[in-house]
Peer 1: 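Pasting in a structure now, in structure tokens, and then I'll have a few things to ask.
All values reported here derive from a predicted model rather than from experimental measurement.
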Amino acid sequence: MPLPETIAVKYTEEEAEYLSMRPLVRQTFRAPELVDMIVQVAGKDPARVQQILRAGTVVFHSFRYWWQGFDPDAAALAAILAQYPDADPSRPFRAADCAEVTLESSGSPPRHSLRITPQSAAKASPLKKIARALRRQPTFWQVLMNFAEAARPRYREYSYTRRGDLYSIVLTAAQIAHLAQEAARHAPRTLRAEVLEPPAISQIVFLCPRSTN
């Protein structure tokens, strides 16, 4: 059947191992909105998205959503999914496109991660900003971008949750020591403490959103 224009959805907080006592919320989704939520969880694989629409449930951001399951028209679903990008390993990393860096510890998923943006990496008092400019000192974000350009991150995947291409570097002990040293010199105090605190990072991930043009 074609995708319905609107879908009645119920959701509540997901609570593992026992019956949730959280309040149930009702909401109406347009079909593309529901598909978008599913794509962020399962990617743009048509068979997988169709299976979830048919099952009528998905867990998203710690909430479980329910709706009356239906079997969508393959062409209508394909038209929606065609609007999403595909992974493209041929895309080179460009520091100018990077919007976020994540420092991750070992493990899958990582046991510890720290997200850094240009804004959080450049926070400083007005006096420190003036001193940095006079001394021509880089921000910690500039340090990270210089590091990336020298180390040449490898393409990993397109993230539908974060809406961008992910590139990563598996760090050597020498690179970790270098980043820790640079954080001690250039990172804002609050960020510096998180970078230098254990558990030690093992890889660095760069998020580059796709241009909408």
Side-chain angles (χ1 to χ4, degrees), residues 32-33 35-46 48-49 60-62 78-124 129 132 137-183 185-188 190-192 194-196 199-213:
E33 292 174 330
V35 171
D36 182 70
M37 182 169 63
I38 295 171
V39 167
Q40 291 186 62
V41 173
K44 63 176 289 187
D45 175 23
R48 179 64 177 142
V49 175
F60 179 72
H61 288 175
S62 300
I80 294 177
L81 295 179
Q83 301 175 42
Y84 290 86
D86 292 305
D88 184 1
S90 69
R91 292 177 69 90
F93 173 80
R94 294 180 66 251
D97 295 335
C98 188
E100 186 176 277
V101 169
T102 306
L103 304 179
E104 295 182 345
S105 62
S106 60
S108 182
R111 294 190 299 271
H112 175 79
S113 64
L114 172 63
R115 290 188 176 183
I116 302 172
T117 64
Q119 295 75 25
S120 67
K123 284 182 179 178
K129 288 182 179 180
R132 179 186 293 157
Q137 291 181 327
T139 65
F140 188 52
W141 182 261
Q142 291 168 326
V143 168
L144 291 171
M145 293 303 99
N146 292 340
F147 174 80
E149 291 183 329
R152 302 178 66 180
R154 297 182 61 181
Y155 188 89
R156 192 162 85 176
E157 63 180 330
Y158 182 85
S159 170
Y160 295 98
T161 302
R162 300 170 71 180
R163 303 189 189 278
D165 295 287
L166 300 183
Y167 301 78
S168 62
I169 300 169
V170 177
L171 299 168
T172 65
Q175 287 173 324
I176 293 171
H178 170 73
L179 286 175
Q181 183 180 46
E182 292 298 291
R185 294 177 58 197
H186 301 294
T190 53
L191 183 58
R192 185 190 318 150
E194 293 189 74
V195 173
L196 299 178
I201 59 172
S202 64
Q203 71 173 336
I204 182 169
V205 180
F206 303 86
L207 169 66
C208 297
R210 292 275 182 99
S211 172
T212 56
N213 295 331

Peer 1: Between S120 and P188, which heavy-atom pair has the shortest distance, and what is it?
Peer 2: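 Nearest pair, atom of S120 first, then P188: O-CG, 3.4 Å.
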Peer 1: Got a second to check how far F93's CZ is from M145's CE, nearest 0.5 Å?
Peer 2: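 Between F93 CZ and M145 CE, I get 5.0 Å after rounding to 0.5 Å.
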Peer 1: Could you check whether the rings of Y84 and Y160 sit parallel, tilted or perpendicular, using 30° and 60° as the cut-offs?
Peer 2: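 It falls in the perpendicular class, over 60°.
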Peer 1: Report the distance from atom CG of L81 to atom CG of D86, rounding to the nearest 0.5 Å.
Peer 2: 10.0 Å
Peer 1: For a quick test of reading the model, state the closest non-hydrogen atom pair linking G164 to L207 and the distance between them.
Peer 2: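 Nearest pair, atom of G164 first, then L207: CA-CD1, 3.7 Å.
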Peer 1: Find out whether V101 and F140 are in side-chain contact, i.e. whether some heavy atom of one side chain is under 4.5 Å from a heavy atom of the other.
Peer 2: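 Side chain of V101 against side chain of F140, heavy atoms only: no contact under 4.5 Å found.
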Peer 1: Check whether any side-chain N or O of T161 sits under 3.5 Å from a backbone N or O of Q40 as a donor-acceptor pair, and report yes or no.
Peer 2: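 Present.
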Peer 1: Do we see a donor-acceptor contact under 3.5 Å between the side chains of Y155 and D88?
Peer 2: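 Short answer, no.
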Peer 1: Give a yes or no on whether a salt bridge exists between R94 and D97, defined as a side-chain N under 4.0 angstrom from a carboxylate O.
Peer 2: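 D97 and R94: salt-bridged.
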Peer 1: So L179 and L144, do their side chains get closer than 4.5 Å, heavy atoms only?
Peer 2: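 Answer yes - side chains close enough.
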Peer 1: How far apart are the closest heavy atoms of Y167 and P153, and which atoms are they?
Peer 2: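 Heavy atoms of Y167 and P153 come nearest at CB-CB, 3.7 Å.
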Peer 1: Can you confirm whether Y158 sits close enough to R163 that some side-chain heavy atom of one is under 4.5 Å from a side-chain heavy atom of the other?
Peer 2: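 In contact.
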Peer 1: Given the rule in the side chain to side chain contact (heavy atoms under 4.5 Å, CB included) test, do H178 and F147 qualify, once you have shown the distances and angles that lead to the verdict?
Peer 2: CA-CA 10 Å; H178 170 73; F147 174 80; 4.1 Å; yes
Peer 1: For the residue pair K44 and A82, what are the closest heavy atoms and their distance?
Peer 2: NZ-CA, 4.5 Å
Peer 1: What I want to check is whether the side chains of N146 and Q142 have a donor and an acceptor closer together than 3.5 Å.
Peer 2: no
Peer 1: To the nearest 0.5 Å, tell me how far R115 CZ sits from R162 CZ.
Peer 2: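 Output value for this atom pair is 4.0 Å.
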Peer 1: From I201 CD1 over to T102 OG1, what is the distance, rounded to the nearest 0.5 angstrom?
Peer 2: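 If we round to the nearest 0.5 Å, I201:CD1 and T102:OG1 are 11.0 Å apart.
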Peer 1: Please round to the nearest 0.5 Å and tell me the distance separating atom CD1 of I116 and atom CG of L103.
Peer 2: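 Here the rounded value is 4.0 Å.
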Peer 1: How close do A95 and E149 get, heavy atom to heavy atom, and via which atoms?
Peer 2: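 Taking every non-hydrogen atom into account, CB-OE2, 3.5 Å.
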Peer 1: Would you give the length of the straight line joining atom SG of C98 to atom CG of D165, rounded to the nearest 0.5 angstrom?
Peer 2: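 So the gap between those two atoms works out to 11.0 Å.
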Peer 1: Looking only at heavy atoms, what is the nearest atom pair of V143 and P138, with distance?
Peer 2: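 Result for this residue pair: CG2-CG, 4.0 Å.
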